[in-house]
Amino acid sequence: MNPERVFQILTAIGLIVGGWLYGDYWKKSGATHSDLGESSSLRATNSELTLRIDTLEDELARVRAMLSEGPYPIPDDLIAWIEKDYNMVFLTPPHVRLASPAALRDAAETNLKLIHDNDRLEQENLAWELIGLIPAGQRLLGQMIMINSSVKGIFDLSKERILISEDFDPLSIPDRSVLARLLAQNLSFQNYPKKTWTNRDEWQAWQAIHTGSAAALSARFLRRNSASTDAPYQEPEPTRETLLNDLPPAIQGFSNFPFIDGANYSRFHYIDSRAAYAEMFKNPAKTSAEILHPNRPSAPHTTITFPRSPSPPLSTNCLGELGLRLWLEPFAGVMEAGPLSEEWRGDSYQITKQNEQTHLTWHIEMASEKAARSLHAEIHRSLLTPLRSVQPTRHIHVTQDGTRVTYQNTPKKP
């Protein structure tokens with residue numbers, strides 16, 4: 001019998017014995033005992049049951065120790081169902097282990113540094129502050145580690161393995177749905193591996209496909225295994241959702257993008273045909289705009305370049321349609337931000353140092369001159385005043401030239 005099945009049986013026995021002991025204790029303690037013999041018998045019975053509970057707890061501890069030291073067993077039928085759902089096969093057996101909170105945090109940090117390089121997330125932190133996506137004083141790396149590790153499990157990209165938390169409950173359907181999602185991520189990554197991305201927007205699109213498809217599969221797993229379609233929905237990752245609610249809207253939006261928009265994009269292709277679903281992985285979307293509009297023909301994407309400067313830039317990156325929308329929404333509102341951001345056709349920002357002063361320039365290419373004028377007007381109407389108020393030592397200037405809007409943030413002259 002494999003360790004997972006032993007653990008499940010021991011857990012069930014523990015619940016039954018504990019419940020019986022609790023009920024028996026109160027039943028007997030409520031009665032009136034007229035002689036010492038009966039009282040002594042009750043104490044003996046309780047002592048025996050306490051000993052059994054202690055033995056059971058020791059056995060559970062040994063099973064947990066065994067699982068933490070070796071691969072966590074995965075039911076063959078779950079593997080088979082995921083492979084059939086994806087129409088892919090595992091090239092190597094998935095490697096799953098129980099992990100401590102510290103190990104989950106380490107894996108989350110390793111993933112972030114693999115995706116963004118060691119210094120890029122720090123530069124993004126600065127750029128997002130200067131653009132106004134996040135307030136000053138935010139620690140983007142620390143917040144992203146916290147979000148990505150406060151979960152039931154994580155797929156470690158660098159070691160291509162799955163880590164699940166020590167409190168993972170193999171009897172819980174929501175917990176098992178998380179494991180199904182991680183196995184699906186592992187499966188698609190084995191078949192379509194990638195560890196380098198040109199910019200953030202390309203990575204967001206790639207993540208949306210792989211994580212979003214896994215999230216959609218997880219939802220199918222929940223529907224398939226729920227006892228009733230009317231059963232109350234249980235959030236598989238409640239801790240993560242609670243943490244996100246306390247963070248800036250932009251971080252919430254970027255973090256939820258693969259689980260919401262990515263899952264919708266995946267469902268669009270899954271429903272279309274098996275061929276369309278396979279093609280989604282073979283030739284993945286390169287921009288968040290493609291993910292946001294799966295039924296829209298791909299619009300031309302403008303690549304923006306910057307003139308050569310005497311000193312190399314500190315950072316250059318692209319926020320995509322998703323980043324533009326998340327920038328506009330808190331100030332302009334959802335009704336204004338959505339249609340404006342849909343006219344996005346390319347963007348790029350660059351951070352440079354001049355005389356030890358930080359300068360940021362962000363070019364946004366729009367679909368038409370009319371769309372560029374509308375974006376320029378909306379920025380002046382709803383964004384400039386609040387952005388300038390929280391950056392009093394900076395000069396924020398926005399211009400429009402044809403189809404391009406340029407946002408500049410430079411130090412004020414003394």
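Fair warning: this is a prediction, and the values are worked out from it, not measured in the lab.
- In summary, the side chains of H116 and E124 do present a donor paired with an acceptor at a separation below 3.5 Å, with no hydrogens or angles considered.
- More than 12 heavy-atom neighbours from other residues, nucleotides or ligands sit within 6.0 angstrom of NZ on K194.
- Side-chain atoms of E290 and T287 include a donor-acceptor pair closer than 3.5 Å.
- Considering CZ of F90 and CD of Q190, their distance stands at 6.0 Å, rounded to 0.5 Å.
- Residues Q204 and S288 have side chains that never bring a donor and an acceptor to within less than 3.5 angstrom of each other.
- Aromatic ring orientation, H395 versus H397: parallel (interplanar angle below 30°, classes split at 30° and 60°).
- With salt bridges taken as basic N to acidic carboxylate O contacts below 4.0 Å, one links E378 and R381.
- Residues F306 and H363 bring their aromatic ring centres within 6.0 Å.
- In this structure, a donor-acceptor pair under 3.5 Å is present between the side chains of T198 and E202.
- For S368 and E343, the side-chain atoms include no donor-acceptor pair closer than 3.5 Å.
- The pair E365-R404 meets the salt-bridge criterion, with a side-chain N (NZ, NE, NH1 or NH2) lying under 4.0 Å from an Asp/Glu carboxylate O.
- Aromatic ring centres of Y407 and W327: separated by under 6.0 Å.
- Under 4.0 Å is where a charged nitrogen must lie from a carboxylate oxygen, and between K286 and D201 no such pair does.
- The environment of D272 atom CG is dense: over 12 non-hydrogen atoms of other residues, nucleotides or ligands sit within 6.0 angstrom.
- Atom CG of N295 has more than 12 neighbouring heavy atoms from other residues, nucleotides or ligands inside a 6.0 Å radius.
- The 12-atom threshold is not exceeded at NZ of K84, counting heavy atoms of other residues, nucleotides or ligands nearer than 6.0 Å.
- Going from atom CG of D156 over to atom CG of D106 covers 9.5 Å, rounded to the nearest 0.5 Å.
- Note that CD1 of I162 and CZ of R181 are 10.0 Å apart. Values are rounded to the nearest 0.5 Å.
- Open room surrounds NZ on K370; 12 or fewer heavy atoms of other groups in view lie less than 6.0 Å from it.
- Residues E160 and N186 have side chains that never bring a donor and an acceptor to within less than 3.5 angstrom of each other.
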Handout entry: N87 and R274: CA distance, side-chain angles, deciding distance, side chain to side chain donor-acceptor pair (under 3.5 Å) verdict
Key = CA-CA 8 Å; N87 198 27; R274 302 303 280 176; 4.7 Å; no
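- Between the side chain of N409 and the main chain of I131, no donor-acceptor pair closer than 3.5 Å is present.
- Proximity of a side-chain donor or acceptor of S150 to a complementary backbone N or O of M146 within less than 3.5 Å is detected.
- Between R105 and E109, none of the side-chain N atoms (NZ, or NE/NH1/NH2) sits under 4.0 Å from a carboxylate O, so this pair counts as no salt bridge.
- Distance check, rounded to the nearest 0.5 Å: CZ of R120 to CZ of R200 gives 9.5 Å.
- Side-chain contact, Q138 with E129: no donor N or O sits under 3.5 Å from an acceptor N or O.
- Between Y72 and H95, the distance from one ring center to the other does not fall under 6.0 angstrom.
- Rounded to the nearest 0.5 Å, atoms CG (L244) and CZ (R240) are 5.0 Å apart.
- With ring centers used as reference points, W206 lies 6.0 Å or more from Y192.
- Here the CG atom belonging to L140 is positioned 5.0 Å from the CG atom belonging to N125, to the nearest 0.5 angstrom.
- At a cut-off of 3.5 Å, with distance as the only test, a side-chain donor of Y270 or D85 sits close to an acceptor on the other residue.
- One side chain, N283 or E279, offers a donor N or O that lies under 3.5 Å from an acceptor on the other.
- At distances below 3.5 Å, at least one donor-acceptor pair connects side-chain atoms of S341 with backbone N or O atoms of G338.
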